[in-house]
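Presented below is the structure to which this report refers.
In listed order, ligands and their atoms are each counted from 1. Residues: numbered from 1 along the sequence shown. Since the structure is predicted, the reported quantities are computational estimates derived from the model, not experimental observations.
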Amino acid sequence: MKNNNYEDFISTISHELRTPLTSIRGFSQTMLSSWDKLDDESKKKFLNIIVEQSNRLINLVENMLSVTKLQNTKDNLIYKEVSVKPVVDTITTIIKNQYKDKTFDINIDKSVPPVLADKDKFQQILTNLIENAAKYGDENSTISIKAYLSEETVIIKIINQGPEIPKDCYEKIFHKFSRIDNPLTRKVQGSGLGLYITKNLTEKMGGKISVKSENRLTTFELCLPCANIEKQARDKCRQ
Ligand SMILES: Nc1ncnc2c1ncn2[C@@H]1O[C@H](COP(=O)(O)OP(=O)(O)OP(=O)(O)O)[C@@H](O)[C@H]1O
Ligand SMILES: [Mg+2]
């Protein structure tokens with residue numbers, strides 16, 4: 001397990017920023033210089049790559065900004081009732097486009113009420129978790145996203161098939177800049193910030209997150225308070 005220091009962080013971030021930027025510049029330059037020689041199919045392919053790489057940059061910058069903001073205790077969250085399914089559907093559509101070999105099996109129980117959350121942060125949490133499942137999952141495998149209600153909590157599970165996370169890393173992967181040092185992590189890019197931010201935001205919103213990785217199945221379990229219970233509690237406080 002690598003637990004990087006500040007200099008490692010700067011070099012990781014620079015690398016993470018440079019890769020998509022180089023790719024965006026390369027494909028744009030090719031299109032500009034060879035516009036008349038390229039057929040429509042190739043132009044479309046190149047533009048898709050530019051969009052995908054821009055999305056990667058946006059996610060990375062969002063994560064980096066969150067790290068700075070997390071240290072600021074005044075980081076105000078805007079709580080609203082947020083329906084789980086539309087958020088899962090939107091994120092999955094974006095990630096599917098980036099990881100075309102993966103199948104996404106979404107199963108949101110009809111009884112699942114909205115969660116009380118900051119919508120942007122909830123989106124960021126799910127983006128990090130679903131992206132990890134796609135990024136570290138086996139080629140051509142299925143990622144399963146389930147949600148159900150358990151007492152007063154909405155449980156969301158993101159399950160992928162792939163290399164296991166060793167038990168002694170269950171906690172460390174949620175630390176800042178932590179990545180598991182294995183051939184898979186060396187092959188795929190990442191800054192080790194995603195889960196740190198995810199755990200922080202989840203806990204700020206009164207939720208919990210945990211991981212279990214056995215028999216080549218990794219499950220991240222996200223628990224968030226459902227909206228109406230929180231509302232009832234707030235109403236009670238006002239009385
Ligand atoms: N679904 C998963 N299956 C296997 N390993 C995982 C999974 N999710 C996370 N990991 C491991 O935990 C580490 C930390 O994940 P985290 O999302 O914080 O960082 P990252 O994916 O490396 O980078 P990024 O900041 O871009 O998200 C990863 O580097 C990887 O080793
Ligand atoms: Mg990640």
Lys135, portion touching ligand 1 at heavy-atom distance under 4.0 Å: side chain
Is ligand 1 under 4.0 Å from a heavy atom in the side chain of Leu184, in the backbone, in both, or in neither? neither
Can you tell me which residue and heavy atom of the protein come closest to [atom], and the distance to 0.1 Å?
atom: atom 24 (P) of ligand 1; result: Ser191 N, 3.6 Å
atom: atom 17 (O) of ligand 1; result: Asn132 ND2, 2.8 Å
atom: atom 15 (O) of ligand 1; result: Leu195 CD1, 3.6 Å
atom: atom 19 (O) of ligand 1; result: Gly192 CA, 3.2 Å
atom: atom 21 (O) of ligand 1; result: Tyr136 OH, 2.7 Å
atom: atom 11 (C) of ligand 1; result: Ile180 CD1, 3.9 Å
atom: atom 31 (O) of ligand 1; result: Thr185 OG1, 3.0 Å
atom: atom 12 (O) of ligand 1; result: Ile173 CG2, 3.4 Å

Leu193: numbered ligand 1 atoms lying under 4.0 Å from its heavy atoms: 18 (O), 19 (O), 25 (O)
Here the atoms of ligand 1 under 4.0 Å from any heavy atom belonging to Ser178 are 13 (C), 14 (C)
So is there a nitrogen or oxygen of [X] less than 3.5 Å from a nitrogen or oxygen in ligand 1?
X: Asn63; answer: no
X: Pro163; answer: no
X: Tyr196; answer: no
X: Gly190; answer: no
X: Ile165; answer: no

Rounded to the nearest 0.5 Å, what separates atom OG1 in Thr219 from atom CD in Glu214? 8.5 Å
Phe220 near ligand 1 by a heavy-atom separation under 4.0 Å: yes
May I ask whether Glu131 places a heavy atom under 4.0 Å from ligand 1? no
Charged N to carboxylate O below 4.0 Å: is that the case for [X] and [Y]?
X: Asp40; Y: Lys44; answer: no
X: Arg216; Y: Asp138; answer: yes
X: Asp181; Y: Arg186; answer: yes
X: Lys45; Y: Glu41; answer: no

Against Gln124, only a single residue in Asp118, Asn63, Thr198 fulfils side chain to side chain donor-acceptor pair (under 3.5 Å); can you say which? Asn63
Contact between Asp105 and Ile159 at the side-chain level, heavy atoms closer than 4.5 Å - yes or no? no
Are the side chain of [X] and the backbone of [Y] linked by a donor-acceptor contact shorter than 3.5 Å?
X: Lys199; Y: Phe174; answer: no
X: Ser23; Y: Thr19; answer: no
X: Tyr196; Y: Ser178; answer: no

For Asn132 and Asn160, which I'm curious about, is there any donor-acceptor pair between the side chains at under 3.5 Å? no
Determine, step by step, whether Ile156 and Phe122 satisfy the side-chain contact (heavy atoms from CB on, under 4.5 Å) criterion, reporting the C-alpha distance in whole Å, the side-chain angles of both residues, the deciding distance to 0.1 Å, and the verdict. CA-CA 12 Å; Ile156 303 172; Phe122 180 53; 3.9 Å; yes
Is there an N/O/S atom in Ser191 at a distance below 2.8 Å from the Mg ion (ligand 2)? no
